[in-house]
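Data block below; observations after.
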2 protein chains.
Amino acid sequence: MSTIAVDLHITDAEWEVMRVVWANTQVTSKEVISTLEGKMDWKQATTKTLLGRLVEKGALNTEQEGRKYIYSANIEEKEAVRSFSNDIFDRICRKNVGNVIESIIKDHTLSFDDIQRLEEILEMKKAFAVEEVDCQCAEGQCDCHLHHHGE
Amino acid sequence: MSTIAVDLHITDAEWEVMRVVWANTQVTSKEVISTLEGKMDWKQATTKTLLGRLVEKGALNTEQEGRKYIYSANIEEKEAVRSFSNDIFDRICRKNVGNVIESIIKDHTLSFDDIQRLEEILEMKKAFAVEEVDCQCAEGQCDCHLHHHGE
DNA sequence: AAATAGAGTTTACATTAGTAAACGATTATT
DNA sequence: AATAATCGTTTACTAATGTAAACTCTATTT
């Protein structure tokens, strides 16, 4: 199963480039450059550097097309987003995952479809829900260890 | 309302320190050092540097207690988590927020209470749900612009 | 064929982050 | 009082990031 470079770290600047590639499937550096020129106010050289670094770290593939390259993503956006979003959960106590999701939901606009879909997922999650999520934090990094229930 | 330094960037290493402070409300550097010693395998100096940087960037308060300092958080964990988690959503198309939440839910263990609470939130969200979330992406960074509905 | 433009590669340079030793001022020990 | 242990501050040094100029081919235009 492709876990190809899921753990590679894509920086903010690089992510801008990745988005262009993901949105277009196949792109030339020229296209990436012009797409980002407006938004990022970068010089061409900056985009070139980023493309180079992304190829280097395996996030992008290149295919020689005549004298130039055609860039394509080597990792799926979904996977990259997932890996990135999991970083949050490494920063908090497992017990708070629910609260964070709650706060995320509150902070964003959702469509009726989104809501329905999420409701379905939650329904399914019930089959695997636990009475209490257990804290995986190191001692001293969260206070779960303090309040043992029914004590 | 306190938006005190909500946008300050707390790095991974610094976050480890923040967690200790958040979990203990009031701590001395010594406590932070010993708490992190095991988990992080840092030298004392490393923790000291981090404490210093956090004070410097306003994430921590210090209170002189005799000759030493008592550190306390100047930003709430909830706010910090929130600000950090919003970074994900700046990397994706608004239309995909629902999918990302979906994937987060799938990836984590939730308690029955969490699920119920989330269901309630979703129920409430229905009042503000939209038919279709609109894409805020820059042209060329997502393909929403391509498939206009009913066209 | 010579000159020019375009594409990728190298080099560059400042800032942030990770990690830590050295230093200076105090306080606690002997 | 002299010495050792502390605690915070300064300094240090490497790697990662952001940003970009310079350079080298190669292809296109004149």
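For R53(B) and dT9(D), a side-chain-to-base donor-acceptor distance below 3.5 Å is absent, hydrogens and geometry of angles not being considered.
For the OP1/OP2 pair of dA20(C) and a distance below 4.0 Å, the side-chain nitrogens and oxygens of T46(B) include at least one atom meeting the criterion. Residue T28(B) has no polar side-chain atom (N or O) positioned under 4.0 Å from OP1 or OP2 of dC7(D). OP1 or OP2 of dG6(C) has not a single side-chain nitrogen or oxygen of S29(A) nearer than 4.0 Å. K68(B) has a side-chain polar atom (N or O) that falls below the 4.0 Å cut-off from OP1 or OP2 of dC7(D).
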Taking only N/O atoms, report every protein-nucleotides 23-26 of chain C pair under 3.5 Å with atom names and distance.
none

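In this structure, R91(A) forms a cation-pi arrangement with F84(B), its terminal cationic atom sitting closer than 6.0 Å to the ring centre and no more than 45° off the ring axis.
Note on E37(A) versus K43(A): no salt bridge recorded, every NZ/NE/NH1/NH2 to OD/OE distance being 4.0 Å or above. Taking 4.0 Å as the cut-off between side-chain N and carboxylate O, E132(B) and K95(B) count as a salt-bridged pair. A salt bridge is absent between E119(B) and K125(A): the closest approach of a Lys/Arg side-chain nitrogen to an acidic carboxylate oxygen does not fall below 4.0 angstrom.
Within the structure, side-chain hydrogen bond (donor to acceptor under 3.5 Å, both in side chains) pairs that include any residue of residues 45-54 of chain B do not occur (at least two apart or interchain).
Within the 4.0 angstrom heavy-atom criterion, base atoms lie near T49(A).
Distance, D41(A) CG to dT19(D) C1': 11 Å, rounded to whole Å. The CD1 atom of I10(A) sits 15 Å away from the C1' atom of dA16(D) (whole-angstrom rounding). With rounding to whole Å, L50(B) atom CG is found 14 Å from dA21(C) atom P. Summarising the geometry, the separation between NZ on K39(A) and P on dG18(D) is reported as 13 Å, rounded to the nearest angstrom. Rounded to an integer number of Å, the gap from NZ of K43(A) to P of dC13(C) is 17 Å. In this structure, L8(A) places its CG atom 11 Å from P of dT17(D), rounding to the nearest Å. At whole-Å resolution of the value, CD in Q44(B) and P in dA5(D) are 13 Å apart. We find that CD of E56(B) is positioned 11 Å from C1' of dT9(D), with the value rounded to whole Å.
Looking at Q44(B) and K30(B), their side chains never bring a donor and an acceptor atom within 3.5 Å of each other.
The 5' end of DNA chain D is approached more closely, in terms of each residue's nearest nucleotide, by I33(B) than by the other of I33(B) and M40(A).
Note: W15(A) and W22(A) have perpendicular aromatic rings, judged against thresholds of 30 and 60 degrees for the angle between ring planes.
Of all nucleotides listed (dG8(C), dA21(C), dG6(C)), dG6(C) comes nearest to the side chain of K30(A).
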